[in-house]
Amino acid sequence: MRTKVIAGNWKMNTNPEDATELVKKIVSSASVQLAPSLVRVVVCPPYLSLANALIAAGGTSVSIGAQNCHHEEKGAYTGEVSPVVLAGMGLGYVIVGHSERRRYQLESNEIIGRKAARAHECGLTPIICVGETLDEREDDITTDVIGTQIRLITASAGEDVVKASVIAYEPVWAIGTGRAATPLQAQDAHAFIRSELHIFGAQDVSILYGGSVTDENASLLFSCPDIDGALVGGASLNADSFCSIVGVANEAAR
Ligand code: PEP
């Protein structure tokens, strides 16, 4: 059975004290406490808030993830963060290939695949992001784009790494815009991604939808057969909204 996952991407928000408060609220929510048997809950604060988040989540079922890592364990990479250090701190997950990093740090599919491989080798579960821009959707090349992303990342990371990862389908035009994909658009993309994964036996990988998920649109999205949860940006910064989304996922998983 595929694992349901709700992951929060806090982006460059929260200082360490904010992170402590937010994680404390999340771990004390009834829906999150109910989740472990149904849904895995992950929060991904900025690097400098990770230690506080880990302490606040200690002894609970909530996992902490990073928003990025380097593709090498160590070396002359000024300002970078090693996945071996993240894993050693006690993190469980790391997001790789978020569209904001593709856009602002010009990360390629090849580098994203190498990050996923190194993260996996260090004991982290990569959350690998793919998704098309608005122009690409309007040009009707959505499946070409996400198919190419998956093929190039798999060629770089290796099939076994992708099999052990989580995929997040995040249409770029839906991120932070308040304009989520419709359930039909999301389901179509997820079914396509699953068919690409099926080619090398990775069809049971969890595929999360990301892009303006709220507690209002979550229910219809989670009722789609190929949507296994969500990567949540803006709404994950509000404990009530995030925990409501976890509650909706619990209901869908029953
Ligand atoms: C994200 O940044 O991964 C994301 C999905 O953001 P939002 O939920 O704010 O669209």
Side-chain angles (χ1 to χ4, degrees), residues 1-7 9 35-42 44 61 63-73 82-84 86-88 90-99 101-102 107-132 142-171 186-210 222 224-231 249 252-253:
M1 205 175 88
R2 301 191 315 250
T3 310
K4 305 275 180 197
V5 181
I6 301 295
N9 172 15
S37 57
L38 302 165
V39 175
R40 202 161 288 168
V41 179
V42 183
C44 304
S61 61
S63 300
I64 306 299
Q67 298 171 17
N68 176 46
C69 67
H70 198 260
H71 58 273
E72 295 292 353
E73 272 188 30
S82 164
V84 84
L86 297 173
L91 266 63
Y93 292 79
V94 61
I95 300 169
V96 294
H98 192 280
S99 63
R101 294 199 61 84
R102 290 175 185 264
E107 287 188 2
S108 65
N109 291 304
E110 198 261 335
I111 283 292
I112 293 162
R114 288 171 69 187
K115 286 178 184 225
R118 190 69 67 192
H120 172 70
E121 188 185 296
C122 295
L124 298 165
T125 299
I127 301 176
I128 302 172
C129 301
V130 297
E132 80 289 0
T142 296
T143 53
D144 293 346
V145 170
I146 41 186
T148 300
Q149 290 171 338
I150 288 170
R151 281 190 288 277
L152 293 177
I153 290 169
T154 305
S156 164
E159 293 177 356
D160 286 347
V161 170
V162 176
K163 277 186 197 164
S165 299
V166 170
I167 304 285
Y169 167 61
E170 297 210 309
Q187 167 56 27
D188 281 352
H190 281 232
F192 171 74
I193 291 168
R194 203 171 299 289
S195 70
E196 289 293 300
L197 297 174
H198 195 270
I199 295 168
F200 56 96
Q203 64 277 3
D204 290 332
V205 161
S206 299
I207 308 176
L208 315 185
Y209 167 77
F222 297 165
C224 297
D226 286 296
I227 297 184
D228 302 316
L231 180 54

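Since this is a predicted model, take the numbers as computed values, not measurements.
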Looking only at heavy atoms, which two atoms of [X] and [Y] are closest? And how far apart?
{"X": "Ala7", "Y": "Ile127", "answer": "CB-CD1, 4.2 Å"}
{"X": "Tyr209", "Y": "Pro171", "answer": "CE1-CD, 3.7 Å"}
{"X": "Val161", "Y": "His120", "answer": "CG2-CD2, 3.7 Å"}
{"X": "Gly65", "Y": "Val42", "answer": "N-CG1, 4.1 Å"}
{"X": "Pro126", "Y": "Ala119", "answer": "CG-CB, 4.3 Å"}
{"X": "Ala252", "Y": "Phe222", "answer": "CB-CB, 3.8 Å"}

Quick one: does any side-chain atom of [X] pair with a main-chain N or O of [Y] as donor and acceptor, under 3.5 Å?
{"X": "Arg2", "Y": "Asp204", "result": "no"}
{"X": "Lys4", "Y": "Gly229", "result": "no"}
{"X": "Arg194", "Y": "Asp226", "result": "yes"}
{"X": "Glu196", "Y": "Arg151", "result": "no"}

Restricting to side-chain contact (heavy atoms from CB on, under 4.5 Å), what partner residues turn up for Thr3, sequence neighbours left out?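 Checked Thr3 against side-chain contact (heavy atoms from CB on, under 4.5 Å); matches are Val5, Arg40, Ser206.
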What residues form a side-chain contact (heavy atoms from CB on, under 4.5 Å) with Ala155, not counting sequence neighbours?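 For Ala155, no residue satisfies side-chain contact (heavy atoms from CB on, under 4.5 Å) once neighbours in sequence are set aside.
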Step by step, would you call Glu107 with Asn68 a side chain to side chain contact (heavy atoms under 4.5 Å, CB included)? CA-CA 11 Å; Glu107 287 188 2; Asn68 176 46; 3.7 Å; yes
Pair Leu197-Ile207, side chain to side chain contact (heavy atoms under 4.5 Å, CB included): steps then yes or no: CA-CA 10 Å; Leu197 297 174; Ile207 308 176; 4.0 Å; yes
Test log, rule side chain to side chain contact (heavy atoms under 4.5 Å, CB included), inputs Arg101 and Gln67: CA-CA 10 Å; Arg101 294 199 61 84; Gln67 298 171 17; over 6 Å; no
Please examine the side chains of [Y] and [X], heavy atoms only from C-beta on, and report whether any two atoms are closer than 4.5 Å.
{"X": "Phe200", "Y": "Val162", "answer": "yes"}
{"X": "Leu231", "Y": "Cys129", "answer": "yes"}
{"X": "Glu72", "Y": "Arg114", "answer": "yes"}

How many angstroms lie between atom [atom1] of [X] and atom [atom2] of [Y], to the nearest 0.5 angstrom?
{"X": "Thr154", "Y": "Asp160", "atom1": "OG1", "atom2": "CG", "value": "11.0 Å"}
{"X": "Thr125", "Y": "Ile95", "atom1": "OG1", "atom2": "CD1", "value": "12.5 Å"}
{"X": "Glu110", "Y": "Leu152", "atom1": "CD", "atom2": "CG", "value": "9.0 Å"}
{"X": "Lys163", "Y": "Gln203", "atom1": "NZ", "atom2": "CD", "value": "8.5 Å"}
{"X": "Leu124", "Y": "Ser63", "atom1": "CG", "atom2": "OG", "value": "11.0 Å"}

Parallel, tilted or perpendicular, judged at 30° and 60°: which one describes the rings of His190 and Tyr169?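 Because their plane-to-plane angle is over 60°, the rings of His190 and Tyr169 count as perpendicular.
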Please determine whether side chain to side chain contact (heavy atoms under 4.5 Å, CB included) holds for the pair Leu86 and Cys122, giving the CA-CA distance in whole Å, both sets of side-chain angles, and the decisive distance to 0.1 Å. CA-CA 9 Å; Leu86 297 173; Cys122 295; over 6 Å; no
Please identify which of these residues, Ile167, Ile112, Thr148, meets the side chain to side chain contact (heavy atoms under 4.5 Å, CB included) condition with Val130.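 Between Val130 and the candidates, side chain to side chain contact (heavy atoms under 4.5 Å, CB included) is satisfied uniquely by Ile167.
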Holding to ring pair (Phe, Tyr, Trp, His ring centres under 6.0 Å), I want the full list of residues that pass it with His70, two or more places apart in sequence or in another chain.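 Listed in chain order: Tyr77.
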Would you check if there is a donor-acceptor pair between the side chains of Arg102 and Asn109 at a distance under 3.5 Å?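 A donor-acceptor contact under 3.5 Å links the two side chains.
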